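Just below is one structure, and these are the notes that go with it.
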Amino acid sequence: MIKFEDFSFGFPEKDLYEDLKVEIETGDHLVLIGSNGSGKSTLVNLLLHEERYTYEGLIRRPKELRTGYVSQFVESATEEGTVREFLAKPFTEILAENDRLCAKMAEGTDLDKVYEEYQKVCDEMDAMDAYNYESNIERALAASGLSELIERSVSSLSGGEYKLLFILRNMLLAPQLLIMDEPDVFLDFENLVALVKLINQYDGTLLTITHNRLLLANCFDKVWDIENKSIRQFPGTFAEYNTWMLQTKLQIFRHVRDFDEFIEKQQEIVKKVRLMAEMTTEPQYGRQLKARATYIARLKKMRGDDPFLEEHNHAFVLGYDSEEEALPVEVKDYTLSYDEKHPLLDQISFSIQPGEKLALVGPNGTGKSSLLRALYERLSKEYGSKVGYFRQIVESDETLQLSGGERNLAQIQKLCDEPHQLLLLDEPTSHLDIYAQIALEKAIREYAGTVLMVTHDLFAVTGACERVLLIEDAGIREMSGRAYRKSIYKNYFSSDIFEEERNRIEKEMRVTELLRAGKYDEAEKALEK
């Protein structure tokens, strides 16, 4: 479908890709991964707006490629009407356009132009199966577990529900290629599970950027990994790719080590031949010396450079003044309401002891971020700079030329540079690559201060927090992190995906560390575990 041939691109301050040779094939469910700032979103922009960029090499694609796009940041709902009407709108519009063109053809004027427009509309209607849109909508909602939303008003949807339905509408339009840039960002757990179902039931070609470990573990059949300005391409699941990648790097390192040992032996022989040449006038030793030196030069060229091991330099240490006490948090009879009859939070109360780490979880639109903001406003007046606050990024800032992950990393670094006794964190792992997420979870666990974290990231909850405050029915239910984790398994998964992912990451990081240290036999044993 789309081929990159000898493709290179970069900005004046940074090269992003060199001599890419990769292909998106029809039917791929492709995930694009890579560290923050490696150029994932830029590659998507190149696919969407190729005419805006100057690059080397070729991008081969069909001339009229119908492409759908879901951004990281989907604006809040502004439409009137029901979810059924929202999903149906593109179809009813194109059917109305078809009727209009039929009426114009009946008039018998300017027929060549009308026929051309009519054929284009017919082709588009066929591609999106426009005549069967009603049954297609109901089938898609049922398959993703969203049927109960169909008669809800769009204006009553939470941001996460709206984003999920926006994704569903783009899928129903059946583009030849659907591109999604971090579609999981800010989705609550229920909507994230529905997104997994949407992706897995989708028949079309899909290119998705994500760092979400739940999606990586359960979706996609092809991986593109941007690393060292190139793309490693693998047909298979993310877990299969991860194992293959480590095995391949081990084989390459072993190969390079064998080359080095052989070259070293040849160099010892050259030393002996040189000594013989210096002790005698016979020309044969001079000729041997030249031949062996040429051979060694050829071997070094064949050996090439050392295999690339990306440095994931994330070692966050959240700032804390050890001469000060950690701060407690007390919330009593807090109410949040935009509608007096249906409060989002109704006289909730809870307390956090100094040094505790708590996660505040719950569906989109239940007032979590509003509660956190209100807490920050109150506590910062009381304690000043002792309270740190991580703000949720809700829109892109193109003037900074930074990815969402890079901007979040900048916020985290500020929390590391300045001491605080209490941290209020609103979706701090969003947009971060996997290794940054893990490093942040570790930093939160080791932080001596108090933490209240709003998150939809279950790995962050299970990896960093001791207790969970679960918002439901306008109230709060407290539970231990272990109990919350078990409830998730019971309701959604047949295995302990959090433990499996933790083991996978630990193995990857251990093997990489051993490869970097040249301990290849130990690395192989760690891989086989």
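Numbers here are sequence positions counted from 1. If you're wondering where the values come from, they're calculated on a predicted model, not measured in any experiment. All values below come from the heavy atoms of this structure, side chains included, with hydrogens, waters and symmetry mates left out.
- With hydrogens and angles ignored, the 3.5 Å screen pairs no side-chain donor or acceptor of K368 with any backbone N or O of M453.
- Q247 CD to M245 CE: the interatomic distance, rounded to the nearest 0.5 Å, is 10.5 Å.
- No donor-acceptor pair under 3.5 Å is formed between the side chain of Q347 and the backbone N or O of T335.
- Residues A326 and G449 approach most closely at CB-CA, 3.9 Å, considering heavy atoms.
- Counting heavy atoms from C-beta outward, F238 and I33 have side chains that approach closer than 4.5 Å.
- Residue E528 places its CD atom among more than 12 non-hydrogen atoms of other residues, nucleotides or ligands, all under 6.0 Å distant.
- Distance check, rounded to the nearest 0.5 Å: CD1 of I150 to CZ of R152 gives 12.5 Å.
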> Run the side chain to side chain contact (heavy atoms under 4.5 Å, CB included) check on S71 and D181 step by step: do they pass?
Replying inline: CA-CA 5 Å; S71 167; D181 191 352; 5.7 Å; no
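- Under the 4.5 Å side-chain criterion, counting only non-hydrogen atoms from C-beta, N191 is in contact with E161.
- Ring centers of Y334 and F350: at least 6.0 Å apart, outside the cut-off.
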> Stepwise, does the salt bridge (Lys or Arg N to Asp or Glu O under 4.0 Å) test hold for E522 with K525?
Replying inline: CA-CA 5 Å; E522 289 183 47; K525 289 177 182 176; over 6 Å; no
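- For the pair S480 (side chain) and A483 (backbone), a donor-acceptor distance under 3.5 Å is present.
- The CG atom of N200 sits 4.0 Å away from the SG atom of C219 when rounded to the nearest 0.5 Å.
- When all heavy atoms are compared, the tightest approach of V154 to T82 is CG2-O, 3.5 Å.
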> Can you list the steps and then say if L30 with V223 is a side chain to side chain contact (heavy atoms under 4.5 Å, CB included)?
Replying inline: CA-CA 6 Å; L30 166 65; V223 179; 5.7 Å; no
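- Two residues are said to be in side-chain contact when any heavy atoms from C-beta on lie closer than 4.5 Å; R378 and Y383 fail this criterion.
- Minimum heavy-atom separation, S156 to S153: OG-O, 2.7 Å.
- Residues Y389 and L372 are in side-chain contact: their nearest non-hydrogen atoms beyond the backbone lie under 4.5 Å apart.
- A donor-acceptor pair under 3.5 Å links the side-chain atoms of K357 to the main chain of Y447, judged by distance alone.
- Using a 4.5 Å heavy-atom cutoff, the side chains of I348 and L371 are in contact.
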>> Evaluate T450 against Q421 for side chain to side chain contact (heavy atoms under 4.5 Å, CB included), listing each step before the verdict.
In response: CA-CA 6 Å; T450 311; Q421 311 310 108; over 6 Å; no
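- The side-chain heavy atoms of T455 and L360, taken from C-beta on, include no pair separated by under 4.5 Å.
- Between W224 atom CH2 and D28 atom CG the span is 8.5 Å, to the nearest 0.5 Å.
- The backbone N or O of L458 sits less than 3.5 Å from a side-chain atom of T462, completing a donor-acceptor pair.
- The number of heavy-atom neighbours closer than 6.0 Å to CZ of R445, taken from other residues, nucleotides and ligands shown, is above 12.
- For the pair E182/H431, a side-chain contact is recorded, criterion being any heavy-atom separation below 4.5 Å from C-beta on.
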>> Pair E441, R213 - check salt bridge (Lys or Arg N to Asp or Glu O under 4.0 Å), show working.
In response: CA-CA 14 Å; E441 290 163 16; R213 285 171 272 179; 2.5 Å; yes
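- No more than 12 heavy atoms of other residues, nucleotides or ligands sit less than 6.0 Å from atom CD of E325.
- A salt bridge is absent between R84 and E134; no separation between the charged side-chain nitrogens and carboxylate oxygens falls under 4.0 Å.
- Aromatic ring orientation, F234 versus Y241: tilted (interplanar angle from 30° to 60°).
- Between E506 and K442 there is no salt bridge, since no side-chain nitrogen of the basic residue lies less than 4.0 Å from a carboxylate oxygen of the acidic one.
- Of all non-hydrogen atoms in E508 and T512, the two that sit nearest each other are O-OG1, 2.8 Å.
- Nearest approach of L16 to S38, heavy atoms of both residues: CD2-O, 3.8 Å.
- E324 places no side-chain N or O within 3.5 Å of a backbone atom of D321 that could act as its donor or acceptor partner.
- Atom CD of E80 has 12 or fewer neighbouring heavy atoms from other residues, nucleotides or ligands inside a 6.0 Å radius.
- A donor-acceptor contact closer than 3.5 angstrom is absent between the side chains of Q437 and D433.
- By the neighbour-count criterion of 12 heavy atoms within 6.0 Å, atom CG of D473 is sparsely surrounded, having that number or fewer from other residues, nucleotides or ligands.
- Across L20, L43, T42, a single residue satisfies side-chain contact (heavy atoms from CB on, under 4.5 Å) together with F9, and that is T42.
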> salt bridge (Lys or Arg N to Asp or Glu O under 4.0 Å) between E377 and K381: does it pass, once the steps are laid out?
Replying inline: CA-CA 6 Å; E377 289 170 5; K381 287 177 184 176; over 6 Å; no
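- The structure places CD1 of I137 at 10.5 Å from CZ of F86, a figure rounded to the nearest 0.5 Å.
- When side chains are defined from C-beta on, D457 does not count as touching S430, because their heavy atoms never get closer than 4.5 Å.
- Heavy atoms only, all atoms of each residue included: A194 and L146 are closest at CB-CD2, 4.2 Å.
- Going from atom NZ of K386 over to atom CD of E418 covers 15.5 Å, rounded to the nearest 0.5 Å.
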With a 3.5 Å cut-off and sequence neighbours excluded, list the donor-acceptor pairs that the side chains of residues 202-211 form with protein atoms.
{"from": "T205", "atom 1": "OG1", "to": "G27", "atom 2": "N", "distance (Å)": "2.8"}
{"from": "T210", "atom 1": "OG1", "to": "D184", "atom 2": "OD1", "distance (Å)": "2.7"}
{"from": "T210", "atom 1": "OG1", "to": "N212", "atom 2": "N", "distance (Å)": "3.0"}

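- Counting only distance, with no hydrogens or angles, the side chain of K229 and the backbone of G10 share no donor-acceptor pair below 3.5 Å.
- Ion pairing between E513 and R516 fails under the 4.0 Å rule for side-chain N and carboxylate O.
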> Given E85 and K89, is the side chain to side chain contact (heavy atoms under 4.5 Å, CB included) satisfied, shown in steps?
Replying inline: CA-CA 6 Å; E85 291 165 339; K89 185 177 179 182; over 6 Å; no
